[in-house]
Structure formats: C-alpha cells, structure tokens
Amino acid sequence: SQQGEEDPQALSIQEGENATMNCSYKTSINNLQWYRQNSGRGLVHLILIRSNEREKHSGRLRVTLDTSKKSSSLLITASRAADTASYFCATDAYNQGGKLIFGQGTELSVKP
Amino acid sequence: DAGVIQSPRHEVTEMGQEVTLRCKPISGHDYLFWYRQTMMRGLELLIYFNNNVPIDDSGMPEDRFSAKMPNASFSTLKIQPSEPRDSAVYFCASSLGYIGDQPQHFGDGTRLSIL
C-alpha cells in the first residue's frame with residue numbers, strides 16, 4: 001500500500017520562484033527522505049530528515065517534518081530550469097523493516 | 001567514483017523470452033535493491049540483499065521473477081517467461097549501512113519493453 005503521497009502531482013513555475021512540494025504519510029516513521037528524478041535517469045538522494053528533527057537545509061533546499069500531522073514539505077528556493085524533475089518522498093516506517101516506501105512524486109517544471 | 005551501473009539500458013523482446021537485467025553496485029555498499037517503476041504503480045521494491053543474501057523478496061510479483069547476487073559486485077534480475085505486463089523501468093540501487101536511514105544510490109535503470 002502507498003505510504004507517502006505527494007501534493008501537488010504537478011507544479012509549473014517561473015525561474016526564480018520558490019517551489020513547495022508536500023508529502024503525507026499514513027503510519028509513524030523513523031526517517032523520511034526526498035529524491036529527485038530527471039527524465040530518463042535514476043533517482044538521486046537529496047536530503048534525509050529523522051523523526052526527531054523538524055527542519056533541515058541543504059543549499060537551496062529546505063525540508064520540514066511534522067510528525068503530528070504525518071507530513072513533510074520540500075521547498076526549493078530561487079528555482080532554476082535545471083530543477084525541472086520529479087520529486088519523491090520516501091518513508092522508513094516503523095512496520096516496514098527499514099524498507100523505503102516511495103510516493104508517486106511531484107512533477108516540477110521550471111520555465112526559463 | 002563510479003555509481004551504480006545497470007545494463008542493458010534498453011531491452012525490447014518478445015513475450016515468452018527470458019530477460020536478464022544486470023547491476024553493479026557501488027563498491028563497498030552492503031545493501032542492494034531492485035525496484036520497478038511504472039506510471040500506474042509508481043516505484044515498487046521487488047527484492048533487496050544484504051551482504052549478498054536475499055533478505056526480503058515479498059515484492060517479487062511472481063515466480064517468473066528471480067534475483068541473484070553471486071558476489072558483492074554483481075546482481076541479476078531474471079524474468080522467465082516474460083509477459084507484456086512486465087514492461088517497466090527496472091532500477092537497481094545500493095546503500096551502505098542500515099537501509100532505513102541511509103541514502104540509496106540508483107542506477108539509470110533498464111527500460112524493458114515486452115512485445
């Protein structure tokens with residue numbers, strides 16, 4: 001069954017704008033990870049946030065985690081055309097033996 | 001450093017044929033994963049290995065699918081006989097350490113089309 005669900009499914013913005021993607025999940029987690037997938041390529045790990053953390057930053061990326069609402073968000077600031085990709089959250093849930101369960105992804109398009 | 005290497009990148013074959021997908025994980029990584037990605041079902045974990053030993057194959061869809069890891073630097077995923085519904089992109093990934101809290105490194109996948 002699907003653990004993480006991203007929202008929106010697709011997002012189109014102009015270069016320089018911020019992009020926010022959300023991920024909701026159903027059961028308690030140990031960790032949550034975000035990945036990017038460029039067209040025709042494999043997934044690339046972006047950031048990992050643990051259940052006892054509320055916010056993490058990496059360059060232009062900011063991830064928040066609200067375990068009470070079972071949700072996470074990924075913010076990309078000052079977006080660039082090269083950020084065009086699909087973004088996935090992946091949860092390491094308590095009852096999954098460490099396996100990552102991936103959401104369906106948000107397709108981000110950044111127009112120059 | 002070389003990443004995860006998968007071959008072939010594309011495979012087109014006829015229904016009923018045997019298909020073998022290959023993966024070379026990152027050197028030193030002790031976990032290896034096989035995933036399948038489709039539009040309908042998203043990214044699904046098929047099987048994973050720890051130190052060359054299969055740990056969880058609950059995602060393998062049918063007995064037609066089998067996976068092996070004869071050594072730390074090589075794994076195969078076989079489909080025999082193949083069916084059109086097996087058409088998908090198959091990814092191999094590897095990681096170091098406990099699987100839940102380590103990043104997974106993905107290859108660029110094999111795009112499989114079964115006619």
Side-chain angles (χ1 to χ4, degrees), chain A residues 1-7 9-10 23-53 56 58 61 63 65 72 74 85-107, chain B residues 1-10 21 23-26 29-50 54-60 88-113:
Chain A
S1 64
Q2 210 65 35
Q3 162 74 327
E5 293 187 6
E6 284 92 342
D7 168 60
Q9 289 188 326
C23 169
S24 59
Y25 54 90
K26 295 174 184 157
T27 60
S28 296
I29 61 171
N30 297 305
N31 308 292
L32 185 146
Q33 302 186 30
W34 284 91
Y35 287 79
R36 183 188 77 232
Q37 183 179 30
N38 289 87
S39 180
R41 304 297 299 274
L43 280 72
V44 174
H45 179 260
L46 295 176
I47 202 162
L48 181 151
I49 187 164
R50 301 184 191 283
S51 59
N52 61 354
E53 298 175 311
K56 281 191 89 167
S58 177
L61 305 181
V63 168
L65 179 64
S72 174
L74 169 67
S86 293
Y87 292 82
F88 296 86
C89 68
T91 53
D92 166 21
Y94 285 171
N95 61 351
Q96 291 294 330
K99 294 185 292 188
L100 290 183
I101 307 298
F102 286 81
Q104 293 280 20
T106 291
E107 196 173 317
Chain B
D1 287 343
V4 174
I5 299 171
Q6 291 186 246
S7 64
R9 286 297 315 275
H10 302 274
L21 311 182
C23 175
K24 177 178 168 56
I26 292 173
H29 281 191
D30 55 353
Y31 283 89
L32 183 139
F33 310 86
W34 282 100
Y35 289 91
R36 177 171 68 176
Q37 186 177 40
T38 62
M39 289 294 293
M40 289 296 295
R41 299 175 67 88
L43 195 67
E44 303 173 279
L45 177 65
L46 301 177
I47 185 171
Y48 77 89
F49 296 81
N50 177 220
I55 302 300
D56 187 336
D57 66 354
S58 60
M60 296 284 261
V89 182
Y90 290 81
F91 289 102
C92 175
S94 68
S95 70
L96 177 64
Y98 175 65
I99 59 173
D101 67 356
Q102 295 299 318
Q104 294 185 17
H105 300 261
F106 283 73
D108 281 334
T110 295
R111 186 171 294 275
L112 178 63
S113 296

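The sequence lines fix the lettering, A, B, ..., with proteins before strands; numbering per chain opens at 1.
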Sort B:Tyr48 into side chain, backbone, both or neither according to what part of it lies under 4.5 angstrom from a heavy atom of chain A.
side chain
Indicate yes or no for a side-chain donor-acceptor contact from A:Arg36 to the backbone of A:Ala85 under 3.5 Å, with no hydrogens or angles considered.
no
Part of B:Gln37 within contact of chain A (heavy atom distance under 4.5 Å)
side chain
Are the charged groups of A:Lys99 and A:Asp92 less than 4.0 angstrom apart, N to O?
no
A:Tyr35 meets the ring-ring contact (aromatic ring centres under 6.0 Å, His included) criterion, sequence neighbours left out, with A:His45, A:Phe102, B:Phe106
Quick check on B:Ser58 against chain A: is it the side chain, the backbone, both or neither that has a heavy atom closer than 4.5 Å?
side chain
N/O donor-acceptor pair under 3.5 Å between B:Gln104 side chain and B:Leu96 backbone:
no
With only heavy atoms counted, which part of A:Leu43 is less than 4.5 Å from chain B, the side chain, the backbone, both or neither?
both
With sequence neighbours left out, the residues meeting side chain to side chain donor-acceptor pair (under 3.5 Å) with B:Lys24 are none
Structural part of B:Tyr31 lying under 4.5 Å from a heavy atom of chain A
neither
